[in-house]
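One structure is given here, and the rest of the page talks about it.
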Amino acid sequence: METENPVNYKYMGRSFNDLSINDDSTAFSDCNSDRSGEFPSASSQNRRLLLACANSENSDELIRQLVSDLDSCSIDEQKQAALELRLLAKNKPENRIKIAKAGAIRPLISLISSSDPYLQENGVTAILNLSLCDENKELIASSGAIKPLVRALRTGTSTAKENAACALLRLSQVEENKVAIGRSGAIPLLVNLLENGGFRGKKDASTALYSLCTVKENKIRAVEAGIMRPLVELMADFGSNMVDKSAFVMSVLVPVPEAKTALVEEGGIPVLVEIIEVGSQRQKEIAVAILLQICEDSVLFRTMVAREGAIPPLVALSQSGTNRAKQKAETLIELLRQPRSGNAAARHSDVSV
């Protein structure tokens with residue numbers, strides 16, 4: 001597996017250890033446990049769950065019974081068991097380990113392939129909630145969860161798709177799973193969710209893609225799946241609340257040549273220049289970092305960026321931005337103002353991956 005290292009950029013004697021942004025944590029902080037269901041209204045099941053959450057002994061006994069019910073011949077019993085396990089795993093972290101140790105993971109994975117949409121949705125979401133425990137991630141992946149989760153991305157309800165994207169994100173936090181997830185066909189489906197999903201679907205897809213695309217072959221898969229078009233569209237829409245997420249995803253893609261070309265073809269340069277003009281400080285810094293990478297070895301792209309009117313907002317950023325943004329803006333200004341010569345560029349830039 002080839003994982004991309006931070007880009008080392010040198011220009012006019014200056015060295016940048018990393019063209020990424022200082023902190024992406026707030027941009028990708030909300031793909032956690034499922035947000036699609038709470039305890040139902042007062043019922044015997046509800047009271048049983050509340051009792052289990054309050055009492056460890058009752059919890060252990062209930063979990064064993066629910067895991068047994070997952071293999072029931074009754075679909076209704078399976079649905080109820082999957083729902084209750086899902087909620088137990090959501091609301092009490094220690095239950096995630098108990099449920100996994102009780103043998104729930106394989107039967108829950110089997111439910112993900114069910115033709116019943118409600119059963120599939122609860123199976124997906126239970127696996128998502130169990131995957132929040134680091135101890136469970138390797139077991140979930142080794143038990144064969146990746147391909148069923150990808151099928152749920154393709155055929156599931158909107159909630160199942162969103163939660164499958166989150167579950168794949170959690171599994172991708174184990175580095176060796178990233179290639180397996182990419183090779184399972186997840187990338188085009190996540191790109192489709194990014195482009196056509198609701199607001200939560202777009203957020204979950206972008207977060208999963210950001211994690212998966214630290215691997216070079218997944219970057220190429222994403223570009224081939226047409227990811228640049230929705231990224232550019234979302235970055236251009238300041239009301240989408242997706243500018244930061246989309247820009248961070250783009251920033252991990254642009255080290256590969258295919259991504260640079262696709263970004264330009266989809267009209268990304270005007271959008272990035274506009275972000276430098278009117279975006280937040282963090283958005284401006286991301287945009288400059290992306291433009292530095294697409295301009296580093298292309299006279300044509302530098303010319304396009306300069307003609308788009310990038311230099312005045314870059315000058316303003318070099319005077320009023322964060323220290324990192326100022327440094328990047330100054331470097332990009334120098335790069336855009338240098339003679340339009342490929343040889344000159346070659347003498348002053350060095351990018352290693």
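As a basis for the values below, the full set of heavy atoms in this structure was taken, side chains included, without hydrogen atoms, waters or symmetry mates.
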Ion pair present between [X] and [Y], side-chain N to carboxylate O less than 4.0 angstrom?
X: R324; Y: E285; result: yes
X: K79; Y: D116; result: yes
X: K326; Y: E330; result: no
X: R302; Y: E296; result: no
X: R64; Y: D60; result: no

Between the side chains of [X] and [Y], is a donor N or O closer than 3.5 angstrom to an acceptor N or O?
X: D69; Y: Q65; result: yes
X: S114; Y: Q120; result: no
X: K260; Y: Q293; result: no

Review point. Are R183 and E217 side-chain neighbours, meaning at least one heavy-atom pair lies under 4.5 Å?
Key: yes

Should [X] and [Y] be regarded as members of a common hydrophobic cluster, given that ILVMFWY residues are connected when their side-chain heavy atoms come within less than 4.5 Å of each other, either directly or indirectly?
X: V273; Y: V264; result: yes
X: L62; Y: I97; result: no
X: V223; Y: V179; result: no
X: V249; Y: F238; result: yes

For [Y], does its backbone N or O pair with a side-chain atom of [X] as donor and acceptor, under 3.5 Å?
X: S142; Y: L139; answer: yes
X: S246; Y: V243; answer: no
X: N177; Y: L171; answer: yes
X: K202; Y: L194; answer: yes
X: N218; Y: K178; answer: yes
X: K284; Y: L317; answer: no

Practice item. Please determine which of Q78, Q80, E77 meets the side chain to side chain donor-acceptor pair (under 3.5 Å) test together with S72. Key: E77

